[in-house]
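All remarks here apply to the structure that follows.
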Amino acid sequence: MNMSLEEKIERDLDLLSRGTEDIINVDDLRKKITRYHQTGQPMVVKEGFDPSAPDIHLGHTVTLRKLRQFQDLGHQVVFLIGDFTGRIGDPTGKKNTRKQLNEEEVLKNAQTYSDQAFKILDRDKTVIKFNSTWLKDITFADLVVITSHFTVARMMEREDFAKRLAAGKPVGLHEFLYPIMQAYDSVALRADVELGGTDQRFNLLMGRDMQREYDQEPQVVMMMPLLEGTDGVEKMSKSLDNYIGVHDLPFEMFGKVMSIPDHIVEKYFILLTDVPIEDVQSLARKVRTNELHPMKWKKQLAREIVTIYHGPAAAEKTSEEFDKTFSKKENPEDALSLAISRGELKDGKMWVVQLLLKTGMCTSKSEIRRLIEQGGVYLDGERISDFNTDLSLPDGTFLRVGKKSFFRITLVG
RNA sequence: GGAGAGGUACCUAAGUGGCCAAAAGGGGCGGACUGUAGAUCCGCUGGCUGAACGCCUUCGAAGGUUCAAAUCCUUCCCUCUCCA
């Protein structure tokens, strides 16, 4: 079908705006899109990645998916690895000064990081760059010139710096350099668009300022909302252990999605799935009018997400498995296998505490004893509440620890 | 360089000689319940010992005083505020 130029531009704008929190500014974006359609010159779309946490979770995929949309429309994505800045540690949102990483750690993380990102990005349409390429050669003299464009007051506008200062927390001088370097990256790349979370507002805007200083057209700043983790309150992050990893196994991924509170389900639909926006809204409406049960709603979300990372077959299977395990309380099929060598058994028996230690989920025996006394341990569906019990363990015995951990015992040797 | 405040468990934070393995809240874990790993309620939350209320280690670090130290003293490290 033949679209007019106007229609193409509006279509692109609509698509790219889905789920965004803020775009600074939309007119600039429209101008750049128009130029693309007129001249065929793609936009350079940049996002920087801090390689301090090597595991990608759904929180990261919010902007990655947006980058993918740019790619699908024909634009050039630069996956910028902040190997140089990573050694400083982005102060964004931190209540405390971040620990600095050494070069080796940063590079290793960068590798695993980009590998995982290609679960979402189109590898052929992505350029990977390291910001050390240009930042490492900056001299002290250069730095003086660059930093002279910015004032201390300007730096202190930043909420997290101001807050830390007000709270009597330390702010390292080197942390001022982070936004400056990130802004300089935009100059080095001649970025047309930079993507980031809303927490990146300050850093992203610095890029615009810096580009003006270097007589470049300022980049469009596109901010995506921060994704709450499974607790529904805090930003998804590995350190808070409220994350859903793109590498999580289907069952775990499904379960973690099911553990999010109801109020963020719609947001997850918008930011993490390709379900058309009208459908997302109609589902949410049905939940509000009690036409759709919140649990069913959430199960659909879980299926959508598992489908993206593991395919539709896995999603279907996992969904049934979940019902069996938690709604009907049956033993799940794919429990982790726990190998026990026959030599470790005495008269075919093993002490519970010893067995639990084998699972590797508790490191201290006091913790195990507590777990048992509180009734969190089941063997073949029977609760073991005395830690003095010796258990006979035939091959294939089913061990359940707490709500979510299941083991199938395999005898070896 | 000067003056003052502070560093307590995963986090916030109380405790200023014995009643302190250390209040309270958050988080986490377990149980009950059910709508799911959601909500609510209850319990647990340093380690060791096949378990008694027995031992060991922990309140920035190292020493010291004392029958007894998170608490007092000395030195050191770190942070904040004000002044220069």
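Convention: sequence-line order gives letters A, B, ...; per-chain numbering from 1. Keep in mind it's a predicted model, so treat the numbers as computed, not measured.
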Got a salt bridge between Lys235(A) and Asp199(A), using NZ or NE/NH1/NH2 to carboxylate O under 4.0 Å?
yes

Salt-bridged, Arg285(A) to Glu291(A), with N to O below 4.0 Å?
no

Show your reasoning for whether side chain to side chain contact (heavy atoms under 4.5 Å, CB included) applies to Thr325(A) and Phe406(A).
CA-CA 10 Å; Thr325(A) 310; Phe406(A) 308 92; 3.5 Å; yes

Pairing check on rA39(B): which nucleotide meets the Watson-Crick or G-U wobble criteria with it, both distances under 3.5 Å?
none

Within the 4.0 Å heavy-atom criterion, would you say Tyr378(A) contacts the bases, only the backbone, or no part of the nucleic acid?
sugar-phosphate

Applying salt bridge (Lys or Arg N to Asp or Glu O under 4.0 Å), can you list everything that pairs with Lys267(A), at least two apart in sequence or on another chain?
Glu228(A)

Can you check the Glu321(A) CD to rU36(B) C1' distance for me, whole Å?
15 Å

Run the numbers on Arg65(A) and Asp274(A) for salt bridge (charged side-chain N to carboxylate O under 4.0 Å, His left out), then give the verdict.
CA-CA 10 Å; Arg65(A) 290 169 56 81; Asp274(A) 292 317; 2.8 Å; yes

Quick test of your reading of the model: are Asp209(A) and Arg154(A) salt-bridged, counting only N-O distances below 4.0 Å?
yes

Taken to the nearest whole Å, NZ/Lys404(A) to C1'/rG31(B) is 14 Å

Base versus backbone protein contacts along nucleotides 38-48 of chain B [heavy-atom cut-off under 4.0 Å; B, S, -]
S----BSS-SB

Could you list, one pair per line, each protein nitrogen or oxygen that sits under 3.5 Å from a nitrogen or oxygen of nucleotides 3-6 of chain B, together with the distance?
none

For Asn242(A) and rG26(B), what is the distance between atoms CG and P respectively, to the nearest whole Å?
18 Å

Can you tell me the base-pairing partner of rG50(B)? Count Watson-Crick or G-U wobble geometry only, both distances below 3.5 Å, and say none if there is no partner.
none

Across every strand shown, the nucleotide meeting Watson-Crick or G-U wobble geometry with rA21(B) (both distances under 3.5 Å) is none

When you measure from the centre of the six-membered ring of Tyr243(A), is the NZ or CZ of Lys256(A) under 6.0 Å away and within 45° of the axis?
yes

How would you list, by chain and number, every residue that makes a side chain to side chain contact (heavy atoms under 4.5 Å, CB included) with Asn25(A), sequence neighbours excluded?
Asp27(A), Asp28(A), Arg208(A)

Arg190(A) CZ: over 12 foreign heavy atoms closer than 6.0 Å:
no

For atom CD1 of Ile384(A) and atom C1' of rG30(B), their distance in whole Å
16 Å

By the 4.0 Å heavy-atom rule, please label Gly255(A) as base, sugar-phosphate, or nothing.
base

Within the sub-3.5 Å range, which N or O atoms of nucleotides 80-84 of chain B have a protein N or O partner, and how far apart are they?
residue: rC80(B); atom: O4'; partner: Gly168(A); partner atom: O; Å: 3.4

Watson-Crick or G-U wobble mate for rG6(B), both contacts under 3.5 Å
rC78(B)

Carboxylate-amine/guanidinium proximity below 4.0 Å for Lys32(A) and Glu217(A)
yes

Can a cation-pi geometry be assigned to Arg408(A) and Phe398(A), taking NZ or CZ under 6.0 Å from the six-membered ring centre and within 45° of the ring axis?
no

Over all atoms of both residues, closest heavy-atom pair of Phe161(A) and Met155(A)
CD1-O, 3.5 Å

From NE2 of His263(A) over to P of rU36(B), roughly how many Å is that when rounded to an integer?
20 Å

Regarding Glu21(A) and Arg201(A), does a basic nitrogen lie under 4.0 Å from an acidic carboxylate oxygen?
no

Positions of residues 348-360 of chain A (non-hydrogen atom under 4.0 Å from RNA chain B), listed by number
Trp351(A)

For rC44(B), what is the paired nucleotide under Watson-Crick or G-U wobble rules, both distances under 3.5 Å?
rG28(B)

Under a 3.5 Å threshold, yes or no: a donor from one side chain and an acceptor from the other, between Asp83(A) and Ser132(A)?
yes

Could you give the CG-to-C1' distance, from Asp241(A) to rC29(B), as a whole number of Å?
12 Å

Under 4.0 Å, counting only non-hydrogen atoms across every strand here, what does Asp390(A) touch: a base, just sugar-phosphate, or nothing?
base

